[in-house]
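Only one structure is covered here, and it is reproduced in the block below.
Indexing begins at 1, ligand by ligand and atom by atom, following the structure's order.
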Amino acid sequence: MSATAAAAIVERTFLDELFDRGLLIETGVDGLYGRSGLFEEIGEGFQALVTRHGLADNAEIVRFPPGMSRAVFERSGYMKSFPQLAGTVHCFCGDPASHAGLLQTIKQKGDWTADQKASEIVLTPAACYPLYPAAARRGPLPAEGRLFDLLSYCFRHEPSRDPARQQMFRMREFVRMGTPDQVTSFRAAWLERGQALIGELELPCRLDVANDPFFGRAGKMLAINQRDQRLKFELLIPIESEANPTACLSFNYHQDHFGHTFGLTTASGETAHTACVGFGHERVILALLKHHGTEVKAWPMSVRKALWG
Ligand code: ATP
Ligand code: ZN
């Protein structure tokens, strides 16, 4: 074997293996992939497992599409904290004359996107964003608060060759709204349940305090503050790297941030507190494939049972 051929074998990454096996399908864009039937089957098993672990709470199921209202997005303050991750939907709004110009620009390989106009839709950055104003519209929360079960494709502009960092991926979330006590005890319960759930899948994991990738210099302070107050925890599983394990589950306490922003109140008229637990759908599937191998039929019987009964 030549030295180049040997190097090529050594350099084959986990992403290459996923493409070779047809589990993920290349599109030409880093972080934007198709999924095979088998990949989706693993995902369905995982979602059923999450549902089982949360069943006793009787969460209200709500599904939003992967785009959300631009007005709500602006109000949420997302552009203040994470402008680098946001994706907006722009459309052609011209007349037949400008259409001719558009086609000409494309033909000449010019920047035809410059004349696209922002639509009223942006891509959903996290499954829970469209929920807060919708919940607030229902009026004050009942005394016991509310609990929602969400699942959505999300977009984040973070192109990468790490298969666990995609630009379009799914996020399952449970979102709790209520008093500080209701919300923090929900999060505490899921910190335990999350570890038990990943334990059933026989994956190595570690819980850690975390922060969101706030933008810019002011963002550094926000990140420090978030860590100091232990507002975000992540359940980390090694996927692409042993040294830098990947956040597969996140446990976020927003205090009254969303309650205040969207006018969500408790039964007694206080600003509601909120928390969410997020499950990275693709990340858990990838963790399973990484640790148990891409030959799914050869996975431990106990793991297969946890997923598919
Ligand atoms: P990271 O720190 O790796 O950027 P995060 O902790 O900021 O992720 P959250 O905003 O808490 O992510 O999103 C909730 C869940 O969505 C995460 O726990 C993770 O499993 C998943 N997730 C986040 N970003 C991505 C991505 N780019 N690709 C795939 N899954 C993701
Ligand atoms: Zn959330």
Side-chain angles (χ1 to χ4, degrees), residues 15 18 24 29-33 35 39 43 46-47 50 59 62 64 66 68 76 78 81-82 84-87 123-132 134-135 147-177 183 186-187 190-191 194-195 197-198 203 205-215 219 222-223 226-227 231-241 244-255 257-259 261-262 273-288:
L15 182 61
L18 294 163
L24 290 182
V29 178
D30 288 343
L32 184 74
Y33 310 121
R35 287 99 167 109
F39 191 94
F46 169 60
Q47 290 302 336
V50 172
V62 177
F64 287 102
M68 63 178 284
S76 76
Y78 195 84
S81 299
F82 315 109
Q84 77 282 17
L85 299 177
L123 299 175
T124 304
C128 61
Y129 272 74
L131 178 68
Y132 303 106
L147 174 67
F148 294 94
D149 168 338
L150 308 175
L151 172 65
S152 176
Y153 254 102
C154 296
F155 173 87
R156 292 185 188 175
H157 189 234
E158 44 184 2
S160 167
R161 294 288 289 174
D162 172 358
R165 189 165 298 284
Q166 302 194 5
Q167 296 201 61
M168 288 188 150
F169 57 94
R170 279 161 287 185
M171 199 188 288
R172 175 85 178 269
E173 282 198 57
F174 289 112
V175 183
R176 184 79 168 103
M177 304 174 176
V183 160
F186 156 84
R187 189 175 73 151
W190 269 108
L191 282 168
Q195 292 175 84
L197 190 157
I198 295 303
L203 296 170
C205 68
R206 168 168 73 77
L207 196 64
D208 207 353
V209 187
N211 61 268
D212 287 311
F214 294 104
F215 187 75
L222 293 172
Q226 191 183 29
R227 278 181 172 269
L231 298 178
K232 184 180 185 84
F233 286 89
E234 290 176 343
L235 196 61
L236 304 165
I237 307 177
I239 302 178
E240 185 70 357
S241 139
N244 289 310
T246 302
C248 291
L249 273 64
S250 310
F251 311 84
N252 306 294
Y253 177 30
H254 318 119
Q255 298 172 305
H257 170 73
F258 287 115
T261 306
F262 292 107
H273 281 228
T274 62
C276 62
V277 45
F279 305 83
H281 180 82
E282 282 75 13
R283 284 186 177 179
V284 174
I285 299 171
L286 293 167
L288 285 161

message = Which atom name would you report as the N, O or S atom of E173 nearest the Zn ion (ligand 2)?
response = OE1
query = Relative to each other, are the rings of F279 and W190 parallel, tilted or perpendicular (30° and 60° limits)?
reply = perpendicular
Part of E282 with heavy atoms under 4.0 Å of ligand 1, whether side chain, backbone, both or neither = neither
Heavy-atom check, side chain of R172 versus side chain of Q47, under 4.5 Å = yes
message = One residue to check: L249. Relative to ligand 1, which of side chain, backbone, both or neither has a non-hydrogen atom less than 4.0 Å away?
response = backbone
remark   = The answer for which part of K232 has a heavy atom under 4.0 Å from ligand 1 is side chain
request  = Using distance alone, determine whether F169 and ligand 1 share an N or O pair under 3.5 Å.
outcome  = no
key: Gap separating the CD1 atom of I237 from the SG atom of C248, nearest 0.5 angstrom   = 4.0 Å
request  = With heavy atoms only and a cut-off of under 4.0 Å, state how R156 meets ligand 1: side chain, backbone, both or neither.
outcome  = side chain
ask   = Considering only heavy atoms from C-beta outward, does the side chain of Y129 approach that of F258 to under 4.5 Å?
value = yes
query = At what distance, to the nearest 0.5 angstrom, does CG of L85 lie from SG of C154?
reply = 11.5 Å
message = If we set the cut-off at 4.0 Å for heavy atoms, which region of E158 has an atom near ligand 1: side chain, backbone, both, or neither?
response = side chain
C154, A164, S250, A126: member with heavy atom nearest to atom 18 (O) of ligand 1 = S250
task = Considering only non-hydrogen protein atoms, determine which one is nearest to atom 5 (P) of ligand 1 and report residue, atom name and distance to 0.1 Å.
result = E234 OE2, 3.7 Å
request  = Before signing off on this row, confirm whether A247 and ligand 1 have an N or O atom pair separated by under 3.5 Å.
outcome  = yes
query = Is there at least one pair of N or O atoms, one from C248 and one from ligand 1, spaced under 3.5 Å apart?
reply = yes
key: Opening angle at the Zn ion (ligand 2) [SG, C276; SG, C128; to 10 degrees]   = 140°
Check: F148 ring centre within less than 6.0 Å of F174 ring centre = no
